[in-house]
Protein chains: 2
Amino acid sequence: MSRKRANSHDVAKLAGVSRTTVSFILNRVTGVQIPEETRRRVWEAARQLNYYPDAAARSLASGKSHVIGLILCQQADHLAADLFLPEVLRGITDNARGWDFRVLLETVANVSAPDAYLSLARERQIDGIVISGPRSDDQQLGQLVAEGFPLVLQGRLRGADIPFVDVDNVAGAKQAVAHLIRLGHQRIGLITNAPLHYTASEDRYRGYRQALSEAGIAYDEALMRQGDFVEESGYQAMRELLGLPTRPSAVFVASDVVAFGALAAIREQGLRIPQDMAVVGFDDIRLAPYMHPPLTTVHLPAYELGWQAGDLLLQLIRGETPMRTAVLLPTELVIRRSCGARARQKD
Amino acid sequence: MSRKRANSHDVAKLAGVSRTTVSFILNRVTGVQIPEETRRRVWEAARQLNYYPDAAARSLASGKSHVIGLILCQQADHLAADLFLPEVLRGITDNARGWDFRVLLETVANVSAPDAYLSLARERQIDGIVISGPRSDDQQLGQLVAEGFPLVLQGRLRGADIPFVDVDNVAGAKQAVAHLIRLGHQRIGLITNAPLHYTASEDRYRGYRQALSEAGIAYDEALMRQGDFVEESGYQAMRELLGLPTRPSAVFVASDVVAFGALAAIREQGLRIPQDMAVVGFDDIRLAPYMHPPLTTVHLPAYELGWQAGDLLLQLIRGETPMRTAVLLPTELVIRRSCGARARQKD
DNA sequence: TCGTGTTACTAACGCGTGTTACTATTATAT
DNA sequence: ATATAATAGTAACACGCGTTAGTAACACGA
């Protein structure tokens, strides 16, 4: 028993064929005629020698690494508050696995660093890249796009014509606010999920305004506050809204995590939810059904988001021209107790 | 302007030296004497040609991929409930980056699949591996260990002598329960974070029993329930404890997520926390300070966990013999409102 | 018998780098 | 003047695979 790794040459020798034939057979190359018996012999030899083709040699020869990069651009705090990452990861790795691709992960706190992830592409370590939470001030992004490197954004970037996968934030927010209006609310506050220069944040803000507009309710800037990803920002924003001369009767918080802080602020004032203040969130994090009260919120298909991003990217890598390079996934309003509508106890 | 990627040969030509010299200079090989002027010329040529060494060729030649694998073995539901993944990822990628290593991520729902991640190692795609949430029935794991492949577990596996990084679950749980005892509680319930065959779960159970034992309180099996990662399991378990003829006056829930379900169950019965039922959790998830009431819990250093796992693995890859192959990170009890001790309002 | 396919392969090149062993030149010591 | 050592490199092999172009053997119809 040799201690050394077997290579395709060893397999070829044992099977009594050439290395070329081994390659043809193990890679299931089509258009080559090889009798079943020979194929069997080669497979058996490979099994016997415990042969695994060397990934580096394969990449070098084929020019493809069979790896895609996933870049997380959120800064530390925001990343930690992203409760969907596990699902997104699962979605993208599941899809990649189906095409024999692997996923390389990189976290990038500072997008404007000279070489945060560009070298991954330049060194040919990856065949394509998914960028989660892209920033418009990202120089490298523009370069990669210009070079025609396969690239998909997870989260939209306004003003750039780059393939992306995102949730329909406008429609989702609109749905949430329309629901509150339907319940009779006229003064509806808004706490955004993040500063408005984030596309998702702006979109949810738009949805809010559209819903108001279509119901003939005037937009009142006094009722709007900007959240900042984390619970604390929701807590603070809500306190401000509660301190208003005439406070709103309902509030749409464009992030469940931020809403979690808002709920705490409302309870702290001794107000009842939803009687004194109705709340609708966004994201439908796992904890939402168990909040106090269970949170009405807009469901976000996290797994699907990752899966679709992978799908789109792999199409680009294969050189296909996808029918849609702009994928907007639908959301769904999940009605629980915090909005005041009748609903089941949990979930 | 040539459209093709530059390779080291091109750089050599432009700088007027041999390819070998280029390699020496760009890789900062020590023990080779080259005047500053030549070095400058080569660096300049590389810059000018926008040269990035090919990762595959480099791996093939050196036998090292400079990539480590991170395998997430939790099944879908449990993975989604793992709120620390982003922090752990950040810890491990941060560390890896410092040594010029990348992180390849794989999710594995079914550990007993014939080749869930083994091929990553066999194909030489990675130089080492971190396995998060290892299972004792994992065949591949044993194989890798037997082959001497650099491997670190994140989460302990009892009965196997494999390098690991984990949090000190026993001490943490003990600390939590001792705190409740100090507050005067005698009948203290336990809801585990997961079934007991999970090492972390068993350890926290042990810590619970140790604390009782040292206080001279008899262990009462009737007060113990097994959680199962998710909120719902905590909700159900708590309902059972509340249905007991004489219910406990406090409960230690060995997971904040599970505790979140338990809190909902307690409130549903109209009981007050902590007056009617004190609660201490485990993990210190971000939402803990904003729960109703803010949850007293055992802080878990997630970033550090990832960082240390990477550190240990990279030592093994470098062929060093780490001074400790068993890393137990300390926890810290964070006192908030749910336990009934006096504390600041938030955090 | 000759030419044309068809079947079942193989020889050999190319991918781009790391690295060892070796050389040519110059400086220094004897 | 000659031996020795330091300096500044280079030639050439190895890494393991994918892939193109080509070939030997045989069948078969004209």
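Residue numbers start from 1 in every chain, and the chains themselves are labelled A, B, ... in the order their sequence lines are given, proteins ahead of strands. Values below: all heavy atoms of this structure, side chains included; hydrogens, waters and symmetry mates excluded. All figures in this text were calculated on a predicted structure; none of them were measured in a lab.
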Handout entry: Sub-4.5 Å side-chain heavy-atom contact between B/V29 and B/S23
Key = no
Problem - N/O (side chain, A/S23) to phosphate O (OP1/OP2, D/dG18) under 4.0 Å - result: yes
Exercise for the section: Calculate the interatomic distance between A/D54 atom CG and D/dG18 atom C1'; express it in whole Å. Expected result: 13 Å
Practice task
Could you say whether B/R41 or A/N27 is positioned toward the 5' end of DNA chain D, judged by the nucleotide with the nearest heavy atom to each?
Solution key: B/R41
Exercise for the section: Decide whether A/Q74 and A/S132 meet the rule of one side-chain donor and one side-chain acceptor closer than 3.5 Å. Expected result: yes
Fill in the blank from the handout: Among the nucleotides D/dG16, D/dT10, C/dG16, whichever has the atom closest to the side chain of A/A61 is D/dG16
Problem - Between D/dC26 (C1') and A/Q33 (CD): distance, integer Å - result: 14 Å
Handout entry: Under 4.0 angstrom between B/T21 side-chain N/O and D/dG9 OP1 or OP2
Key = no
Practice task
Could you tell me whether the side chains of B/S65 and B/S59 share a donor-acceptor contact shorter than 3.5 Å?
Solution key: no
Problem - Touch class at under 4.0 angstrom, heavy-atom based, for A/V17 against every strand present - result: sugar-phosphate
Exercise for the section: Just call it for A/T38: base, sugar-phosphate, or nothing, with non-hydrogen atoms closer than 4.0 Å on any strand. Expected result: sugar-phosphate
Practice task
Please evaluate the base of C/dT19 for a donor-acceptor partner in the side chain of B/T20 within a cut-off of under 3.5 Å?
Solution key: yes
Problem - d(OH, A/Y51; C1', D/dG16) in whole Å - result: 7 Å
Practice task
Find which nucleotide of DNA chain D each of B/S62 and B/I34 is nearest to by heavy atoms, and output the residue with the more 5' nucleotide.
Solution key: B/I34
Exercise for the section: Could you pick out which residue, B/A56 or B/V29, lies toward the 5' side of DNA chain C when each is mapped onto its nearest nucleotide? Expected result: B/A56
Fill in the blank from the handout: From CZ of A/R58 across to C1' of C/dG16 the rounded distance in Å is 18 Å
Completion exercise
Between CZ of A/R28 and C1' of D/dT19 the distance, given in whole Å, is 19 Å
Exercise for the section: Just compare C/dC9, C/dG16, C/dC15 and give me whichever is closest to any side-chain atom of A/P35. Expected result: C/dC9
Practice task
Could you tell me whether A/D54 and A/R5 have a side-chain N and a carboxylate O separated by less than 4.0 Å?
Solution key: yes
Handout entry: Cationic N near anionic O, under 4.0 Å, A/E37 to A/R40
Key = yes
Handout entry: Distance in angstrom units between A/R19 CZ and D/dG18 P, rounded
Key = 8 Å
Exercise for the section: Report the distance from atom OH of A/Y52 to atom P of D/dC17, rounded to the nearest whole Å. Expected result: 14 Å
Exercise for the section: Take the protein atom CD of A/E123 and the nucleotide atom P of C/dC15, then report the distance between them rounded to whole Å. Expected result: 20 Å
